[in-house]
Asks: 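Dumping the structure here so I can ask a few things about it.
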Amino acid sequence: LDVATAAGHTAYSFAPHLRQVIASDITFEMLQLSAVERRKRNANNVTLLAADAEDLPFLNQYFDLVTCRIAAHHFPDVARFVSESARVLRPGGKLAVVDNVVPEHKNYSRKSKRKLDVGRYVNAFEKLRDPSHVRCLSNIEWQQQFEKAGFLVVYQEIAQKKMDVEEWATRMNVTKENQTRLRVMLQQAPENVTDFLETVVTGNKIVFSLKETIIIGVLPGS
């Protein structure tokens, strides 16, 4: 089961190696895009289905693998998504998630010596670009959500993607006014935020890094 499949890239990457794949998304427009991709790839073992990540319409212990890539920061209740994934997985089944993350804790601004919530700043930056953004968790929060739902975390790493702010904003059809606000948020960010985003300004070009967790959990059993 690929949750919040969008155009289905993760589902179609796994499809050649599996007997059956269900690619689900709550948005009909995304399923239409995925259907186009399915025809291109002739992926006859992929079924498209409208489904809410927090209320999966499947029987208990139905799947061997649940995946979710770059989508969970749009979910209103990540804990519900993780617990639903655990419910539909068989003993020994795996949940694999990739999603953007923010720093673990509040820390002190080196200049003002006041506490600064870097994660809150980064989430506000993300939401300005995409109003459907809810919240990125930290790496530790992801571990806690997995463990609370009964998973044993067997793999985790942090990856990063370099982003040109103009290209990143244009992809979401951000207005010129909000593109300017995004640039200002990067240029005038507290130093702790700049350190986390690894912001580099070269003339009119601004590049920063998005951090992503790759986390895999296994349900006990065989």
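We're numbering straight along the sequence, starting at 1.
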Asks: How far apart are the C-alpha atoms of L49 and F58, what are their side-chain angles, what is the distance that settles it, and do they pass the side-chain contact (heavy atoms from CB on, under 4.5 Å) test?
Replies: CA-CA 11 Å; L49 184 71; F58 305 108; 3.5 Å; yes
Asks: Are any non-hydrogen side-chain atoms of R39 and V36 less than 4.5 angstrom apart?
Replies: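 SC-SC contact between R39 and V36 confirmed.
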Asks: Counting only heavy atoms from other residues, nucleotides and ligands, does the tally under 6.0 Å from NZ of K162 exceed 12?
Replies: yes
Asks: CG/N123 to CZ/F125 distance, rounded to the nearest 0.5 angstrom?
Replies: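 One gets 11.5 Å once the value is rounded to the nearest 0.5 Å.
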Asks: Show your working on side-chain contact (heavy atoms from CB on, under 4.5 Å) between F81 and Q145 and close with a plain yes or no.
Replies: CA-CA 10 Å; F81 153 66; Q145 294 292 354; over 6 Å; no
Asks: Donor-acceptor pair, Q179 side chain versus V174 backbone, under 3.5 Å?
Replies: yes
Asks: Going only through I, L, V, M, F, W and Y residues with side-chain contacts under 4.5 Å, is there a path from V97 to V153?
Replies: yes
Asks: side-chain contact (heavy atoms from CB on, under 4.5 Å), that's the test. Do F63 and I22 meet it? Break it down for me.
Replies: CA-CA 10 Å; F63 294 97; I22 294 178; 3.8 Å; yes
Asks: When you compare the side chain of E198 with that of V207, does any pair of heavy atoms fall below 4.5 Å?
Replies: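 Counting from C-beta outward, V207 and E198 never come under 4.5 Å.
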Asks: Looking only at non-hydrogen atoms, find the nearest pair between I140 and E104 and report the distance.
Replies: N-OE1, 3.0 Å
Asks: Test of understanding: clusters of I, L, V, M, F, W, Y form through side-chain heavy atoms closer than 4.5 Å, transitively. Do L210 and V122 belong to the same one?
Replies: yes
Asks: Please give me the minimum heavy-atom distance between A23 and A11, naming the atom from each residue.
Replies: CB-CB, 3.9 Å
Asks: So does R38 have more than 12 non-hydrogen atoms from other groups sitting under 6.0 Å from CZ?
Replies: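 It does: R38 CZ has more than 12 such atoms within range.
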Asks: Find out whether C68 and D99 are in side-chain contact, i.e. whether some heavy atom of one side chain is under 4.5 Å from a heavy atom of the other.
Replies: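 A side-chain contact is absent here, since even the closest heavy-atom pair is not under 4.5 Å.
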Asks: Distance alone, cut at 3.5 Å: any donor-acceptor contact between the side chains of T213 and N139?
Replies: yes
Asks: To check you understand the geometry: which heavy-atom pair defines the closest contact between P220 and G150, and what is its length?
Replies: CD-O, 3.1 Å
Asks: Knowing that exactly one of L56, L95, N60 qualifies, which makes a side chain to side chain contact (heavy atoms under 4.5 Å, CB included) with V88?
Replies: L56
Asks: For R135, which residues count as a salt bridge (Lys or Arg N to Asp or Glu O under 4.0 Å) partner, sequence neighbours excluded?
Replies: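 E141.
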Asks: Supply the atom-to-atom distance E84 CD to R87 CZ, rounded to the nearest 0.5 angstrom.
Replies: 4.0 Å
Asks: When rounded to the nearest 0.5 angstrom, what distance separates CD in Q20 from CG in D64?
Replies: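 Here the interatomic distance stands at 10.5 Å.
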Asks: From L197 CG over to S209 OG, what is the distance, rounded to the nearest 0.5 angstrom?
Replies: 8.0 Å
Asks: Decide, yes or no, whether a salt bridge links E126 with R129 under the criterion of side-chain N to carboxylate O below 4.0 Å.
Replies: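 A salt bridge is absent here (no side-chain N lies under 4.0 Å from a carboxylate O).
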Asks: With the side chain counted from C-beta on, respond yes when V101 and S138 share a heavy-atom pair under 4.5 Å apart, and no when they do not.
Replies: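 The answer is no; the side chains never approach within 4.5 Å.
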Asks: Okay, side chain of T199, backbone of D195: is any donor-acceptor separation there less than 3.5 Å?
Replies: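 A pair under 3.5 Å: no.
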Asks: Taking all atoms of both residues into account, what is the closest heavy-atom pair of A169 and L182, and its distance?
Replies: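 Shortest heavy-atom contact: CB-CD1, 3.9 Å.
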Asks: If only atom types and distance count, is the side chain of S24 paired as donor or acceptor with the main-chain N or O of A53 below 3.5 Å?
Replies: no
Asks: Would you mind reporting whether V102 and L137 have side-chain heavy atoms less than 4.5 Å apart?
Replies: no
Asks: Quick one: do V3 and V134 end up in the same hydrophobic cluster if we chain Ile, Leu, Val, Met, Phe, Trp and Tyr together by side-chain heavy atoms under 4.5 Å apart?
Replies: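 No, because V3 and V134 fall into different hydrophobic clusters, even though each may have its own neighbours under 4.5 Å.
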Asks: When you measure from the side chain of N45 to the backbone of A15, do you find a donor-acceptor pair of N or O atoms at a distance under 3.5 Å?
Replies: yes
Asks: I need the minimum non-hydrogen distance between S85 and V66, along with the two atoms involved.
Replies: OG-CG1, 3.8 Å
Asks: Give the ring-plane orientation class for H133 versus H73, where under 30° counts as parallel, over 60° as perpendicular and anything between as tilted.
Replies: tilted
Asks: Test of understanding: clusters of I, L, V, M, F, W, Y form through side-chain heavy atoms closer than 4.5 Å, transitively. Do L65 and F151 belong to the same one?
Replies: no
Asks: Could you tell me whether K211 sits above the aromatic face of F196, with NZ or CZ closer than 6.0 angstrom to the six-membered ring centre and within 45 degrees of the axis?
Replies: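 Flagged: K211 positioned over aromatic ring of F196.
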Asks: Measure the CG-CG distance between L219 and L89 for me, rounded to the nearest 0.5 Å.
Replies: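 Interatomic distance, L219 CG to L89 CG, rounded to 0.5 Å: 5.5 Å.
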Asks: Can R181 and N178 be counted as having a side-chain donor-acceptor contact under 3.5 angstrom?
Replies: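 Yes, a side-chain donor-acceptor pair sits under 3.5 Å.
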Asks: Quick one: do L1 and Y62 satisfy side-chain contact (heavy atoms from CB on, under 4.5 Å)? Show the steps, please.
Replies: CA-CA 10 Å; L1 171 65; Y62 188 76; over 6 Å; no
Asks: Does any N or O in the side chain of Y12 come within less than 3.5 Å of the main-chain N or O of S34, such that one atom is a donor and the other an acceptor?
Replies: yes
Asks: I'd like to know if L152 and V82 are part of one continuous hydrophobic network [Ile/Leu/Val/Met/Phe/Trp/Tyr, side-chain heavy atoms within less than 4.5 Å].
Replies: no
Asks: Within the side chain of D25, is there an N or O that forms a donor-acceptor pair under 3.5 Å with the backbone of T5?
Replies: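 Flag set: sc D25 to bb T5 pair under 3.5 Å.
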Asks: For the residue pair F146 and W142, categorise the inter-ring angle as parallel (less than 30°), tilted (30 to 60°) or perpendicular (more than 60°).
Replies: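 F146 and W142: perpendicular rings.
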Asks: Would you sort out whether K205 and E166 count as a salt bridge (Lys or Arg N to Asp or Glu O under 4.0 Å), showing the intermediate values?
Replies: CA-CA 8 Å; K205 186 180 180 70; E166 185 173 349; over 6 Å; no
Asks: Can you tell me which residue among I216, T67, I70 is in a side chain to side chain contact (heavy atoms under 4.5 Å, CB included) with V98?
Replies: I70
Asks: For the CD1 atom of I214 and the CD atom of E212, what is their distance to the nearest 0.5 Å?
Replies: 7.0 Å
Asks: Any pair with a residue in residues 40-55 that passes salt bridge (charged side-chain N to carboxylate O under 4.0 Å, His left out), sequence neighbours left out, goes on the list, sorted by first then second residue, please.
Replies: E37-R41
Asks: Which pair of heavy atoms, one from Y121 and one from A189, lies closest together, and at what distance?
Replies: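 Between these two residues, the closest heavy atoms are OH-CA, 3.5 Å.
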